[in-house]
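Below: the structure, in structure tokens.
The first residue in the sequence is number 1, and the count goes up from there. Keep in mind it's a predicted model, so treat the numbers as computed, not measured. Both counts, for ligands and for their atoms, begin at 1 and track the order of listing.
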Amino acid sequence: MKIYNTLSKRKEEFVPLEEGKVKMYVCGPTVYNLIHIGNARPMIVFDTVRRYMEHRGYQVNFVSNFTDVDDKIIKKAIEEKVDASVISERYIAECKKDMQAMNVKPATTHPKATEEICGMLDMIGTLIEKGHAYMAQDGTVYYRTRSFKGYGKLSHKNIDELQGGNRSLLVTGEDQKEDPLDFVLWKPKKEGEPYWESPWCKGRPGWHIECSVMSKKYLGEEIDIHAGGEDLIFPHHENEIAQSEAANGKPFAKYWMHNAFLNIDNRKMSKSAGNFFTVRDISEKYDLQVLRFFMLSAHYRSPLNFSSELMEAAQNGYERIVTSVANLNYLMENAASDTMSEEERKLAKEAEEYIAKFDEAMDDDFNTADAIAAIFELVKFANTNAGDASGREFLQALKEEIVMLSDICGLIVEKKQEMLDDDIEALIEERQAARKEKNFQRADEIRKELLDKGIILEDTREGVKWKRA
Ligand code: AMP
Ligand code: ZN
């Protein structure tokens with residue numbers, strides 16, 4: 001499995017730190033508003049990376065944070081005259097709803113910055129002790145950027161050029177910095193802002209320190225993959241490396257992965273530019289599976305331009321897979337025989353080629369565009385070779401392959417038909433009648449039929465009760 005590493009600017013063979021395990025950290029959103037579909041790109045992309053790793057047998061510890069203390073959150077809280085936590089908790093809940101609707105798995109841990117202040121105080125203390133940070137007169141703690149020899153290695157920037165080009169970094173209120181390149185680890189509170197006690201001043205953390213601390217706490221000092229959108233390479237990830245490696249004395253992350261932007265009219269979609277659609281906006285017009293399909297139809301390192309034409313194409317593509325699976329299900333119900341014929345056995349073997357093609361594409365730095373092309377080839381193969389005369393076992397094998405590959409992409413392609421309450425009640429009555437006649441085989445069949453459709457029966461003293469799974 002090859003991964004493009006921003007650190008080396010090359011595709012490298014993936015070798016985990018610990019056999020069979022992957023420790024992965026993805027920078028999550030700042031929660032002050034509904035997420036837009038630009039924010040959704042890293043969520044979908046790295047969820048797919050995780051799913052593929054799991055498919056390949058790795059146990060993935062996946063950590064993704066919520067930044068819940070930030071200027072924009074505080075501004076909104078002041079506008080609404082509520083506590084900052086009311087804003088962040090509201091948008092964390094909304095973000096989780098969107099993630100679920102896009103079939104993005106919950107992380108193993110979703111830490112929040114405000115719950116990790118202790119760890120931040122510890123790491124800042126260590127950095128001061130080691131000479132990598134200092135306190136200015138007003139209690140602000142700065143990272144001494146030039147003290148870290150590797151600074152610039154991720155963004156491939158030369159520290160001296162940075163200094164030359166960034167004189168303006170020395171902004172008002174930061175004139176106590178030793179060097180314009182130094183960045184904030186801890187800053188004094190302002191009137192009306194949330195704050196925490198610290199050895200330096202009552203205040204709150206700078207943005208970068210939270211990820212170094214959470215990554216260490218939940219994954220350890222060295223991790224396999226650190227990921228996020230490409231706008232995070234500099235300064236956020238560069239600063240994270242400086243903090244973690246200086247504090248721990250160890251390399252931080254082995255592989256750095258960054259997704260390219262989701263654009264609109266060839267400009268980055270962003271809250272500040274106002275050129276965005278929220279995931280919620282899109283859900284009013286499309287099934288969010290279509291959004292997921294659209295995101296994966298391009299390689300994650302290629303810019304992707306959002307347009308209604310491309311969304312229509314994604315809808316057609318997604319529906320082609322859904323229709324093929326529905327057709328296979330229909331044929332299975334009416335199959336001529338249970339087992340595969342000799343001819344079908346050969347065809348089933350042939351179909352496995354498409355799984356190999358899919359894996360090959362994903363092994364090449366998660367080329368989801370080619371992986372989806374392999375699913376389409378399999379769909380075409382199934383549509384050509386499955387017919388009225390096919391054996392159920394053959395149809396089932398084809399269906400399971402399509403569903404499995406789609407599931408690795410997080411695409412739900414088998415629509416479970418919801419049973420109507422009346423139909424459920426009718427089957428339960430038939431089951432009761434069968435039991436009265438001691439036809440337990442039929443009674444069991446009905447229980448299983450309902451279970452397959454997600455209906456669970458419970459025999460209680462008051463009679464049969466049912467619920468949806
Ligand atoms: P933010 O809430 O701005 O910190 O962003 C959360 C995540 O979304 C980060 O990984 C960003 O890099 C990513 N992101 C924001 N805008 C876009 C975009 N237009 N395209 C791709 N990724 C984005
Ligand atoms: Zn981060």
Check: Ser8/Glu12 side-chain N/O donor and acceptor closer than 3.5 Å: yes
Structural part of Asn259 in contact with ligand 1, heavy atom criterion under 4.0 angstrom: side chain
Whether Phe66 and His110 hold their rings parallel, tilted or perpendicular, with breakpoints at 30° and 60°: parallel
Close-contact set for ligand 1 against Ala260 heavy atoms, below 4.0 Å: 21 (C)
Nearest neighbour in protein (non-hydrogen) for atom 9 (C) of ligand 1: Leu232 CD1, 3.8 Å
His237 near the Zn ion (ligand 2): N/O/S under 2.8 Å: no
Option with minimal heavy-atom separation from atom 23 (C) of ligand 1, where the choices are Ser64, Gly38, Gly229: Gly38
Closest protein heavy atom (residue, atom, distance) for atom 19 (N) of ligand 1: Met269 O, 2.8 Å
Taking every non-hydrogen atom, the tightest pair across Ala84 and Pro194: CB-CG, 4.2 Å
Minimum-distance pair of heavy atoms, taken over all atoms of Asn275 and Ser270: OD1-N, 3.0 Å
Aromatic Tyr58 / basic Lys21 pairing, under 6.0 angstrom, 45° off normal: no
N, O or S from His236 under 2.8 Å to the Zn ion (ligand 2): yes
Glu360 atom CD, over 12 foreign heavy atoms within 6.0 Å: no
Test item: side-chain donor near acceptor, His208 and His237, under 3.5 Å: no
Phe376 six-ring centre to Arg320 NZ/CZ under 6.0 Å and within 45° of normal: yes
Geometric class of the His132/Phe148 ring pair [parallel <30°, tilted 30-60°, perpendicular >60°]: perpendicular
Atom 1 (P) of ligand 1 [closest protein heavy-atom partner, distance rounded to 0.1 Å]: Asn39 ND2, 4.1 Å
Closest approach of any protein heavy atom to atom 13 (C) of ligand 1, naming residue and atom: Pro42 CG, 3.7 Å
Nearest neighbour of atom 2 (O) of ligand 1 from the list Asp231, Thr30, Leu262, Thr67, on a heavy-atom basis: Thr30
Shortest heavy-atom approach to atom 16 (N) of ligand 1 - which of Glu230, His237, Met295, Lys268: Lys268
Side chain, backbone, both or neither: the part of His36 lying under 4.0 Å from ligand 1 by heavy atom: side chain
Heteroatom N/O/S of Glu240 within less than 2.8 Å of the Zn ion (ligand 2): yes
